[in-house]
Undergrad: 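The structure is given below, and queries will be raised subsequently.
Keep in mind the model is a prediction, meaning the values are calculated, not measured.
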Amino acid sequence: MRLRVEFTTEPFDLEEAPAHAVAAREVIQEAELDAVDVGPFGNTAEGEAGEVLGAVSALLRGALEAGATRVSLQVNVIPEGGA
């Protein structure tokens, strides 16, 4: 099964990326995931279920330990054949 995760961390800082956002992005970028897209207000990645779930667990721990007060995420199953 393939999954897509979308996430944001708060609080926001419009001047520079806060430590919690950097920590979460580093976890996602270092995980063995496909189609990683990081942006200023949201991040997405796709991959095999085990990899995505492991990365989600690590990004939650990393972001919260780095000062996030809220992590919003959504995980979707990618239908077989893409989309």
Undergrad: Decide whether Leu59 and Leu64 are clustered together by the hydrophobic rule: side chain heavy atoms of Ile, Leu, Val, Met, Phe, Trp, Tyr closer than 4.5 Å, transitively.
TA: yes
Undergrad: Could you check if a side-chain atom of Glu48 sits within less than 4.5 angstrom of a side-chain atom of Met1, using non-hydrogen atoms only?
TA: no
Undergrad: Would Val22 end up clustered with Val36 when hydrophobic side chains under 4.5 Å apart are linked, directly or stepwise?
TA: no
Undergrad: For the side chain of His20 and the backbone of Arg70, is there at least one donor-acceptor N/O pair under 3.5 Å apart?
TA: no
Undergrad: Does Phe7 offer a backbone N or O that forms a donor-acceptor pair with the side chain of Asn43 under 3.5 Å?
TA: yes
Undergrad: Quick one: pull up CD in Glu51 and CZ in Arg2 and give me the separation to the nearest 0.5 Å.
TA: 11.0 Å
Undergrad: How would you list, by chain and number, every residue that makes a salt bridge (charged side-chain N to carboxylate O under 4.0 Å, His left out) with Asp37, sequence neighbours excluded?
TA: none
Undergrad: May I ask whether Leu60 and Leu33 are part of the same hydrophobic cluster, defined by side-chain heavy atoms of I, L, V, M, F, W, Y residues being less than 4.5 angstrom apart, directly or through others?
TA: yes
Undergrad: Taking the side chain as every heavy atom from C-beta outward, state whether Asn76 and Glu6 have any pair of such atoms under 4.5 Å apart.
TA: yes
Undergrad: Roughly how far, to the nearest 0.5 Å, is the CZ atom of Arg4 from the CD atom of Gln74?
TA: 9.5 Å
Undergrad: Report the C-alpha distance between Leu3 and Val56 in whole Å, list the side-chain angles of each, state the deciding distance to 0.1 Å, and finish with yes or no for side-chain contact (heavy atoms from CB on, under 4.5 Å).
TA: CA-CA 11 Å; Leu3 301 175; Val56 166; over 6 Å; no
Undergrad: Please give me the minimum heavy-atom distance between Pro18 and Pro11, naming the atom from each residue.
TA: CG-O, 3.7 Å
Undergrad: Work out which heavy atom in Ile28 is nearest to a heavy atom in Ala55; give both atom names and the distance.
TA: CD1-CB, 4.0 Å
Undergrad: Cluster question for you: counting only ILVMFWY and a side-chain heavy-atom cut-off of under 4.5 Å, with indirect links fine, are Leu53 and Val71 together?
TA: yes
Undergrad: Other residues, nucleotides and ligands only: do more than 12 of their heavy atoms fall within 6.0 Å of CD on Glu32?
TA: no
Undergrad: Over all heavy atoms of both residues, which pair between Thr9 and Ala68 is shortest? Give the atoms and the distance, please.
TA: CB-CB, 4.5 Å
Undergrad: Would you say Val75 and Val38 are hydrophobically clustered, going by side-chain heavy atoms of ILVMFWY under 4.5 Å?
TA: yes
Undergrad: How close do Glu46 and Val52 get, counting heavy atoms only, and between which atoms?
TA: C-CG2, 4.2 Å
